[in-house]
Amino acid sequence: MQVLSVCGGVPLRGTAVIHGAKNSVLPVLAACVLCRSPCVLHNCPNIDDVESALQILRHLGCTAARSGSTVCVDASGMDACQIPPELAGKMRSSIIFLGAILSRLGCAELALPGGCPLGERPIDLHIAALRQMGAECVCSPDCVCCRAARLHGAVIALPFPSVGATENALLAALGCGETIEIQNAAREPEITDLVRFLQSAGAEISGGGTSKLTVCGGRPLHGTTYTILPDRVETASFLCAAAGCGGDVTLVRTDCTALSAVCSVLEGCGCEISSGRDSLRIRAPRRLRASRETIVTAPYPGFPTDVQAPMMAALLRAEGESRICETIFENRFHHVPQLRKLGADIALCGQTACIRGAERLRGAALHAEDLRGAMALVIGALQSEEESTITGIKHLRRGYDNLEENLRALGADVKCVEIC
Ligand code: UD1
């Protein structure tokens, strides 16, 4: 078993490199099944979720190969429409293949997806959108099966701007010869990136980045070369690590355009953040001030739920009391009991966590249960002079490329050890 050993208590100083966005590359890889000639994707992070998506593509009859951070996908020979449980179960985003496969082959069968245990995570909005375009969808407890001889035009008003449902509706809509309008669409930058990728492959889509997407589908897409946008959650995670530990950190190959909600909280707590052309610098005091405002997670451009756990960890030693309210997922506080083992003072009241800054944190044996929660444990452990160990690091491998090296480049004492 692999365990992460973390000894902290020192400010972080130096430069870390940010990779391509996990939540962008995964739907883009699913979208590649719509392209009849090869796609070349640059800036693909080397993480387990991307590897899982490549395995799904190969299972579907596509070729998919990585060279460094570039991935080439050729879907011209795609001939299968099923994703079995051993592949679908590895990550939540396997669900995005549903709309794409349906659009390409007229039928799609998917074992129900895995991913982080953040609550029930239903797919009713995905299914309702596909049904509105004329797909017949049959859902059993462990599988969903969709068929459509022909998809038709529709106005799909999402009751909630679900990221995944927007992506699925968008990809399915490209197989429809009529116009599809998606209202109350998610506006996350990763959706905008997906739209840009699809446009570069010949798709006719307007409204990227707004809550109304209009798709004129029905034309096969061609191959394209595309560069995935920088990962704003990885960027925010490193900002939170620097904020929690103090120090002076520069993040390269990223920017702060999509991070104003996160940056304004950190600035309010005493950090200075400045941005260069492709970089971001944070200077953080040895000890933060608590956040005066309650941090409330919300769909983009609100405070991202994916940064809730890393931000909580950054605030563990902040002077005063901070509050974080989680509104997107009903069960996204798995990291709280683990952070308490470090000596953190966190009270939970429903969906709100109240963090009273501790002067010192201690070392502890921690266990991660989800991806961003795992990063919160790393950030917490980095603030203690004593050694901590973290198990469950398979979650970190799903979403952070080169994590230990990146942290060591900032002076952190972090290593992965194999124990029996
Ligand atoms: C995506 C991101 C994830 C992020 C989340 C919210 C990827 C691969 N994952 O997940 O990192 O935390 O957006 O920003 O991009 N819901 C329903 N029915 C549905 C779909 C969603 O009730 O059919 C609910 C979910 O249970 C959740 C909320 O809507 O409470 C948000 O989910 P959604 O925006 O769909 O998130 P994901 O696409 O799963």
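Remember, it's 1-based here, ligands and their atoms both numbered in the order they're listed. Nothing fancy with the numbering, it's 1 onward along the sequence.
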Engineer: Take Ile393 and His395 through the side chain to side chain contact (heavy atoms under 4.5 Å, CB included) test and state the conclusion after the steps.
Structural biologist: CA-CA 5 Å; Ile393 61 172; His395 296 294; over 6 Å; no

Engineer: Would Thr235 and Thr254 count as having a side-chain donor-acceptor pair, cut-off 3.5 Å?
Structural biologist: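 Their side chains do contain a donor-acceptor pair, which is all the 3.5 Å distance test asks for.
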
Engineer: Please could you name the atoms of ligand 1 that Phe160 approaches to less than 4.0 Å, counting only its heavy atoms?
Structural biologist: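 Listed by number with element: 28 (C), 29 (O), 31 (C).
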
Engineer: Could you tell me, atom by atom, which parts of ligand 1 come under 4.0 Å of a heavy atom of Asp306?
Structural biologist: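 Matching atoms, with element in brackets: 3 (C), 4 (C), 11 (O), 12 (O).
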
Engineer: Under 4.0 Å from ligand 1, counting heavy atoms only, is it the side chain of Ser93, its backbone, both or neither?
Structural biologist: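 It is the side chain that touches ligand 1; the backbone stays farther off.
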
Engineer: Determine whether any heavy atom of His126 lies closer than 4.0 Å to an atom of ligand 1.
Structural biologist: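 Yes; His126 lies near enough to ligand 1 that a heavy-atom distance drops under 4.0 Å.
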
Engineer: Asp278: what forms a salt bridge (charged side-chain N to carboxylate O under 4.0 Å, His left out) with it, not counting sequence neighbours?
Structural biologist: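 None.
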
Engineer: List for me each residue that meets side chain to side chain donor-acceptor pair (under 3.5 Å) alongside Glu178, sequence neighbours excluded, and say none if there are none.
Structural biologist: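 Listed in chain order: Arg150.
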
Engineer: Output yes when the distance from some N or O of ligand 1 to some N or O of Lys22 is under 3.5 Å, and no in every other case.
Structural biologist: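 Min N/O separation from ligand 1 is not below 3.5 Å for Lys22.
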
Engineer: Could you tell me whether ligand 1 has any atom less than 4.0 Å away from a heavy atom of Arg332?
Structural biologist: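 Under 4.0 Å: yes for Arg332.
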
Engineer: Do the side chains of Leu102 and Leu151 get nearer than 4.5 Å, heavy atoms only?
Structural biologist: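 When only atoms from C-beta onward are counted, Leu102 and Leu151 do touch, with a gap below 4.5 Å.
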
Engineer: Between Pro304, Pro122, Pro27, flag the one that comes closest to atom 17 (C) of ligand 1 by a heavy atom.
Structural biologist: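 Among Pro304, Pro122, Pro27, the closest heavy atom to atom 17 (C) of ligand 1 comes from Pro122.
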
Engineer: For atom 13 (O) of ligand 1, which candidate among Ile328, Val163, Thr327 provides the closest heavy atom?
Structural biologist: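 Of the listed residues, Val163 has the closest heavy atom.
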
Engineer: Among Ile127, Thr305, Asn168, Thr166, which one puts a heavy atom closest to atom 14 (O) of ligand 1?
Structural biologist: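 The option holding the nearest heavy atom is Thr305.
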
Engineer: Would you find a donor on one side and an acceptor on the other, under 3.5 Å apart, between the side chain of Ser384 and the backbone of Ala381?
Structural biologist: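 Such a contact is absent between Ser384 side chain and Ala381 backbone.
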
Engineer: Which bit of Tyr300 is near ligand 1, meaning a heavy atom under 4.0 Å away: side chain, backbone, both or neither?
Structural biologist: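 The answer is neither.
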
Engineer: So is there a nitrogen or oxygen of Asp124 less than 3.5 Å from a nitrogen or oxygen in ligand 1?
Structural biologist: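 Right, the criterion is met.
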
Engineer: Side chain of Ser275, backbone of Cys256: donor and acceptor closer than 3.5 Å?
Structural biologist: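 Looks like no, no N/O pair under 3.5 Å.
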
Engineer: What I want to find out is whether Arg58 reaches Glu51 closely enough, with some N-O distance under 4.0 Å, to be called a salt bridge.
Structural biologist: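 Judged by the 4.0 Å cut-off on N to carboxylate O distance, Arg58 and Glu51 do form a salt bridge.
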
Engineer: Looking at Gly164, which atoms of ligand 1 are within less than 4.0 Å of one of its heavy atoms?
Structural biologist: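 The list of qualifying atoms is 35 (O), 38 (O).
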
